[in-house]
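Notes to accompany the following structure.
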There are 2 protein chains.
Amino acid sequence: MDKKLIEARDNFIESAGRTTQGFGLGRNIGQLYALLFFSPKPMSLDDMAGELKVSKGSVSTNVRELEKWGAVREVWIKGDRKDYYEAEVNFLKIIKEGILPFFRRKLDSSFVATAESKEIIHNNRKNFKSEDKELSLFYTKRLNLIEIAQSRLLLLLRLPGL
Amino acid sequence: MDKKLIEARDNFIESAGRTTQGFGLGRNIGQLYALLFFSPKPMSLDDMAGELKVSKGSVSTNVRELEKWGAVREVWIKGDRKDYYEAEVNFLKIIKEGILPFFRRKLDSSFVATAESKEIIHNNRKNFKSEDKELSLFYTKRLNLIEIAQSRLLLLLRLPGL
DNA sequence: TGCTATATTCAGTACATACTGAACATAGTG
DNA sequence: CACTATGTTCAGTATGTACTGAATATAGCA
């Protein structure tokens with residue numbers, strides 16, 4: 001394979017790794033997707049581990065994460081007992097159906113925390129005295145603000161424009 | 001301050017920290033914002049460091065990052081030479097004007113990498129032979145796919161629905 | 001059913017990164 | 001203008017997390 005083609009591909013792979021890392025998704029996973037995205041043929045775990053110079057264990061874990069997101073799929077190659085994978089090339093679909101729901105789940109847990117905090121205040125509203133009463137009112141207002149923002153955010157993450 | 005109120009607040013602060021951490025933004029920065037969001041009065045660096053039990057250095061760094069995002073603002077308290085900060089409570093505004101542009105900048109660098117890879121292939125298109133010629137065509141197609149997806153993604157990050 | 005090729009798991013480790021804290025810079029005050 | 005209170009910086013470190021690699025599980029084959 002031509003040196004310049006390899007350079008073009010590796011430049012992209014490196015960038016993809018940096019990008020996923022920057023979003024808290026790890027470097028390997030982005031590199032892995034980029035590698036498959038630039039492969040004309042499906043690749044086996046060993047192929048991928050070999051190309052990226054990482055362990056097979058890491059490839060196994062990350063490729064299954066990618067599969068969960070619908071970013072890669074397993075393909076059958078008859079007469080071969082290895083698992084082969086290829087990239088889903090509809091990138092926006094991956095964002096919309098794989099990555100954003102993943103992020104949404106992270107936000108859900110903060111949603112839960114907001115509700116918990118409201119609950120704590122509500123359950124104890126009888127026991128607050130003087131300046132704490134005032135403060136509890138303030139907290140409730142702020143928690144309501146956050147709840148409104150959170151639900152709007154969840155709607156937005158459904159990407160109505162897509 | 002009432003124990004239950006502290007519990008409600010700290011529960012929220014902890015969750016905020018976990019959330020920002022999950023998005024690759026660090027834990028402290030989320031906690032800091034949450035702390036200010038739940039403070040009826042502006043707070044000084046020492047106040048914040050004391051409440052969160054973290055170093056003043058970290059507070060200084062993170063509060064300025066939050067300021068860049070428009071998530072907190074400095075307020076003057078006359079007769080006091082400390083800097084005081086309060087939270088911007090319009091959370092969606094912070095997302096739209098602070099955090100998304102921050103993420104957008106991360107994506108920009110991957111945009112650059114795509115262009116670079118195209119450039120490399122273009123500059124060498126004369127020199128490829130036989131099967132490499134075919135492969136370079138394949139790469140170009142894939143890079144075009146990515147470029148289209150990337151530009152649509154950037155549009156989306158402007159959150160037209162907001 | 002045992003054998004071999006392949007995939008998965010997970011304890012240990014390496015690595016990146018956010019935080020600490022002390023030294024330094026700065027700006028208010030008397 | 002020196003003094004003091006406060007803020008910033010940054011080298012060193014602690015911490016969390018992703019990766020390694022060997023042990024284990026699994027699945028196809030003969």
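Letters go in sequence order (proteins before strands), and every chain restarts at 1. Fair warning: this is a prediction, and the values are worked out from it, not measured in the lab.
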Check the distance between [N]'s [atom2] and [X]'s [atom1] and give it to me in whole angstrom.
| X | N | atom1 | atom2 | value |
| --- | --- | --- | --- | --- |
| Q31(A) | dA18(D) | CD | C1' | 12 Å |
| Y85(B) | dT8(D) | OH | C1' | 11 Å |
| D80(A) | dG28(D) | CG | P | 12 Å |
| Q21(A) | dA18(D) | CD | P | 9 Å |

What residues 40-53 of chain B contributes to the DNA chain D interface at heavy-atom separation below 4.0 Å is L45(B)
List in numerical order all residues of residues 56-78 of chain A for which some heavy atom is under 4.0 Å away from an atom belonging to DNA chain D. G57(A), S58(A), N62(A)
Tracing side-chain links under 4.5 Å among I, L, V, M, F, W and Y, which residues wind up in one group with V112(A)? none
Check which hydrophobic residues are tied to L137(B) through side-chain heavy-atom contacts below 4.5 Å, counting indirect links as well, and list them. none
How large an angle, rounded to 10°, do the end axes of the helix from dT1(C)-dA30(D) to dG30(C)-dC1(D) enclose when each is built from five base pairs? 20°
Under the salt bridge (charged side-chain N to carboxylate O under 4.0 Å, His left out) definition, can you give me all pairs with a residue in residues 54-82 of chain A, not counting sequence neighbours? D46(A)-K56(A), E65(A)-K68(A), R73(A)-E86(A), R73(A)-E88(A)
If you define the side chain from C-beta out and look only at heavy atoms, does anything of [X] sit under 4.5 Å from [Y]?
| X | Y | value |
| --- | --- | --- |
| Y139(A) | D132(A) | no |
| Y85(B) | P42(B) | no |
| V59(B) | V54(B) | yes |
| F37(A) | I13(A) | no |
| T20(A) | Y33(A) | no |

At less than 4.0 Å, is any side-chain N or O atom of N28(B) found next to OP1 or OP2 of dC19(C)? Yes or no. yes
Please name the residue in the list K4(A), K3(A), R9(A) that meets the side-chain hydrogen bond (donor to acceptor under 3.5 Å, both in side chains) test with E7(A). K4(A)
Picking from R142(A), E119(A), Q150(A), what satisfies side-chain hydrogen bond (donor to acceptor under 3.5 Å, both in side chains) with T114(A)? Q150(A)
Check if the side chain of R27(A) and the base of dT17(D) share a donor-acceptor pair of N or O atoms closer than 3.5 Å. no
Which listed nucleotide (dT20(C), dC19(D), dG28(D)) is nearest to the side chain of R81(A)? dG28(D)
Could you check I29(B) against K82(A) and say which one's nearest nucleotide on DNA chain C is further toward the 5' end? K82(A)
Can a donor-acceptor pair be found, under 3.5 Å and without considering hydrogens, that links the side chain of R104(A) to the backbone of L157(A)? yes
